[in-house]
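What follows is a short report on a single structure.
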Number of protein chains: 2
Amino acid sequence: MSKSELVLIVEDDPDLAEILDVHLQQEGFRTDIAIDGKVACEKAVHVQPNLILLDLMLPKLSGLEVLQFLKRRKDCTYIPTIIISAKDDENTIVEALNEGAEDYITKPCSPREMLARANAVMRRAALNQGAAEKVRKLDELEVNFTTHTASIEGKEIKLTRTEFDILWSFMKDNNQVFTRKKLLQLIHGPGVHTVDRNIDVHVVSLRKKLGLYGKKIETVRGVGYRMSF
Amino acid sequence: MSKSELVLIVEDDPDLAEILDVHLQQEGFRTDIAIDGKVACEKAVHVQPNLILLDLMLPKLSGLEVLQFLKRRKDCTYIPTIIISAKDDENTIVEALNEGAEDYITKPCSPREMLARANAVMRRAALNQGAAEKVRKLDELEVNFTTHTASIEGKEIKLTRTEFDILWSFMKDNNQVFTRKKLLQLIHGPGVHTVDRNIDVHVVSLRKKLGLYGKKIETVRGVGYRMSF
DNA sequence: TGAAGTTGGTAAAGATCGTGTAAAGAAGGA
DNA sequence: TCCTTCTTTACACGATCTTTACCAACTTCA
């Protein structure tokens with residue numbers, strides 16, 4: 001029989017975490033706490049919570065980075081996320097919402113409001129099962145995150161997971177330059193360490209597979225790569 | 001004037017639950033009440049009501065999730081369900097109807113209207129078992145959610161419940177990639193944990209049973225599975 | 001202009017990971 | 001109980017990732 005929803009609290013301040021925890025449990029939710037971004041990513045992947053409460057100011061890995069990583073993993077994309085943030089940090093909030101956060105609350109936060117939003121967000125998430133497809137286009141190159149396919153002029157291009165992830169990053173934030181490290185982080189999350197020249201190899205094969213569109217992946221010398229219109 | 005039908009009221013507001021309860025009993029129905037989604041699922045499975053009145057706004061498990069859970073269980077698919085919902089929540093209502101709800105009423109709801117609809121729905125349920133069939137087709141492969149059957153060229157394929165659920169997920173959102181974790185959730189509801197490689201085993205036997213159509217189930221390496229046209 | 005130092009492109013090889021599948025044990029239903 | 005279905009486990013093989021090495025291209029500075 002199904003159990004009640006599990007909420008993952010990502011918060012480095014133990015007091016606030018405790019408060020959130022208590023209130024959520026009173027409301028009948030199961031809870032889990034992560035005190036930094038790395039643990040948050042691990043737990044999110046592992047326990048597949050129904051909701052994540054994510055503080056943006058975290059040690060090690062910022063909340064935004066956690067969000068970026070999770071929203072790119074197919075098995076975490078659907079987990080709705082509520083941002084917890086200082087009031088004056090509006091830019092970051094906007095960024096987080098753009099990255100796919102569902103809602104936000106500002107510190108100091110009232111438990112009542114938090115609960116209301118948590119319930120609302122989960123309800124919405126349950127609806128969005130067959131949510132809108134995430135698609136990006138560049139002329140005749142089309143990348144579909146939902147189906148994990150890329151095609152040129154309607155013809156499917158067979159990409160490996162890593163190649164796809166890199167391409168999706170490029171297409172999602174067009175024109176943005178990605179450093180090799182950033183790409184590694186987006187692909188692997190925190191904790192895994194590979195040489196960052198490794199990215200070059202993937203970019204090479206991606207370029208090959210994209211044919212003419214491979215030329216759209218620019219090398220930004222000394223910095224990284226980007227894809228541009 | 002006693003009727004034998006049992007109505008399960010799923011409603012977290014005690015006052016409203018009481019009102020519905022009283023009126024249904026006056027009309028001669030037996031009743032049972034569940035105050036949250038989890039209890040609702042348990043009771044529905046256990047007591048096998050003839051009708052469910054389901055509030056969409058529930059603590060723990062949303063009404064929509066309850067509905068999804070029930071409609072995926074072979075032994076609950078047939079239980080007609082009337083949604084109770086706030087007037088302004090039209091999207092949810094549509095979703096619920098798509099998920100297989102038979103009718104809906106909006107809050108605040110008149111007992112008279114509720115009774116009328118309840119009677120109508122049960123009458124319909126008793127008469128046309130297979131009226132509103134939910135069917136998906138892929139060439140000659142036909143999957144019928146209402147009857148929980150699949151057939152190829154009219155010849156029925158015998159599937160286990162799990163196999164059917166997986167196939168239905170694939171057919172329902174064609175082309176979408178499903179991670180193993182996602183499929184587990186769809187099959188078991190939230191909270192149950194089995195090793196996700198388990199999915200592979202079901203996919204293998206599903207592919208076998210589907211014969212040529214088994215080839216339509218693609219492996220997306222590093223991600224999951226998907227079925228495509 | 002060219003030498004020295006950096007940075008990126010690419011091929012190749014080995015290491016690692018993911019999947020298909022069979023088989024056996026566990027759980028559930030009649 | 002028996003029979004069906006679910007779940008776990010183990011192994012093999014191929015796909016994919018990672019590293020390394022070498023060369024080309026670019027930058028800097030004399």
- [ ] Answer with base, sugar-phosphate or nothing: what part of the nucleic acid does B/Tyr225 contact at a heavy-atom distance below 4.0 Å?
- [x] sugar-phosphate
Task: Spacing of B/Ile199 atom CD1 relative to D/dT9 atom C1', expressed in whole Å - done: 16 Å
Open item on the list: Is it the case that the side chain of B/Arg226 and the backbone of A/Thr147 share a donor-acceptor pair, with hydrogens and angles ignored and the cut-off at 3.5 Å?
Closed with: yes
Task: Nucleotide nearest B/Arg207 (side chain, heavy atoms from C-beta), chosen from C/dT10, C/dG20, D/dC17 - done: C/dG20
Task: Shortest side-chain distance from B/Thr194, nucleotide among C/dC17, C/dG20, D/dT7 - done: D/dT7
Task: Side-chain N or O of B/Arg180 closer than 4.0 Å to phosphate OP1/OP2 of C/dG18 - done: no
- [ ] Return the 5'-most residue of the pair B/Val201, B/Gly222 with respect to DNA chain C, ranking by each residue's nearest nucleotide.
- [x] B/Gly222
Open item on the list: Using ring centroids (six-membered ring only for Trp), state whether B/His148 and B/Phe145 fall under 6.0 Å.
Closed with: yes
Open item on the list: Whole angstroms only, please: what is the CD-P distance between B/Glu163 and D/dT5?
Closed with: 8 Å
Task: Check: B/Asn50 side chain, B/Leu6 main-chain N or O, donor-acceptor pair, under 3.5 Å - done: yes
Open item on the list: Looking at B/Thr160, I'd like to know whether one of its side-chain N or O atoms comes within less than 4.0 Å of OP1 or OP2 on D/dT4.
Closed with: no
TODO: Between A/Arg221 and B/Val204, just flag the one whose closest nucleotide in DNA chain C comes earlier from the 5' side.
DONE: A/Arg221
Open item on the list: So, under a plain 3.5 Å distance rule, would you say the side chain of B/Arg197 forms a donor-acceptor pair with the base of C/dG18?
Closed with: no
Open item on the list: Using OP1 and OP2 only, check whether a side-chain N or O of A/Thr162 sits under 4.0 Å from D/dC17.
Closed with: yes
- [ ] Using only heavy-atom distances, determine whether the side chains of A/Thr149 and A/Asn144 contain a donor-acceptor pair under 3.5 Å.
- [x] no
Task: B/Lys158 side chain near D/dT5 phosphate (N/O to OP1/OP2, under 4.0 Å) - done: yes
TODO: Please state how far atom CD1 in B/Ile187 lies from atom P in C/dG28, giving the value in whole angstrom units.
DONE: 16 Å
Task: Side-chain N or O of A/Lys208 closer than 4.0 Å to phosphate OP1/OP2 of C/dA11 - done: yes
Open item on the list: Please report the distance, rounded to the nearest Å, between NE2 in B/His188 and C1' in C/dG28.
Closed with: 12 Å
- [ ] In whole angstrom, give the distance that lies between atom CZ of B/Arg161 and atom P of C/dA30.
- [x] 13 Å
Task: Integer-rounded Å distance: C/dT19 P and B/Leu206 CG - done: 17 Å
Open item on the list: Rounded to whole Å, how long is the line connecting atom CG of A/Asp196 with atom P of C/dT7?
Closed with: 11 Å
- [ ] Give a yes/no answer on whether the side chain of B/His202 brings an N or O atom under 4.0 Å of OP1 or OP2 in D/dT7.
- [x] yes
- [ ] Report yes or no: does B/Arg207 contribute a side-chain atom to a donor-acceptor pair with the main-chain N or O of B/Ile217 at less than 3.5 Å?
- [x] yes
Task: Between C1' of D/dT5 and CG of B/Asn198, the distance in whole Å - done: 11 Å
